[in-house]
Amino acid sequence: QQPGQETSVADTTATITCGFSTRCESHISVHWYRQYPGQQPTFLLQRGDQGDGEDTLPSGHISVSREPNKRVSRLTIFRQRLTDSAVYYCALRLDSQ
């Protein structure tokens, strides 16, 4: 994963893209984490390889989408707030078949 930096304005939408490559063609899930300064990363959402689509936190504030054929996952933060200032990570997981 290449480190990146995103600077945004409050009440706007920001999208963070995670591109990946792997030899596995299926059964990959992408997990997203958020880390505030001085704290451990906390799990946000995951998206498997069930096809195009998205998963959203119950608040509707953050969603994750996945494009399996393009090997890309995107985390979108709607109506950004100051509390969204953090480091975000994506991680791949090989799921059992």
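Only this structure's heavy atoms are used, side chains among them; waters, hydrogens and symmetry mates stay out.
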* Sequence neighbours excluded, which residues qualify as side chain to side chain contact (heavy atoms under 4.5 Å, CB included) partners of T76? -> T13, T15, S63, F78
* **Minimum heavy-atom distance L92-V30, with the two atoms named** => CD2-CG2, 3.7 Å
* To do: Output, in order, the C-alpha distance, side-chain angles, deciding distance and verdict of side-chain contact (heavy atoms from CB on, under 4.5 Å) for V64 and L44.
  => CA-CA 9 Å; V64 168; L44 287 174; over 6 Å; no
* Between S65 and S73, which heavy-atom pair has the shortest distance, and what is it? -> O-OG, 3.0 Å
* Nearest 0.5 Å, what's the CZ-CG distance between R34 and L75? -> 9.0 Å
* **Value rounded to 0.5 Å, distance of CH2 in W32 from CD1 in I16** => 6.0 Å
* R79 and H61: which non-hydrogen atoms are nearest, and at how many Å? -> O-CE1, 3.3 Å
* **N/O donor-acceptor pair under 3.5 Å between Y33 side chain and Q40 backbone** => no
* Would Y36 and F43 show up in the same hydrophobic cluster when neighbours are defined by side-chain heavy atoms closer than 4.5 Å? -> no
* To do: State, to 0.1 Å, how close R74 and V72 come at their nearest heavy-atom pair, and which atoms those are.
  => NH1-CG1, 3.5 Å
* Structure fact -> What one should report as the nearest heavy-atom pair of A86 and Q35 is CB-O, 3.3 Å
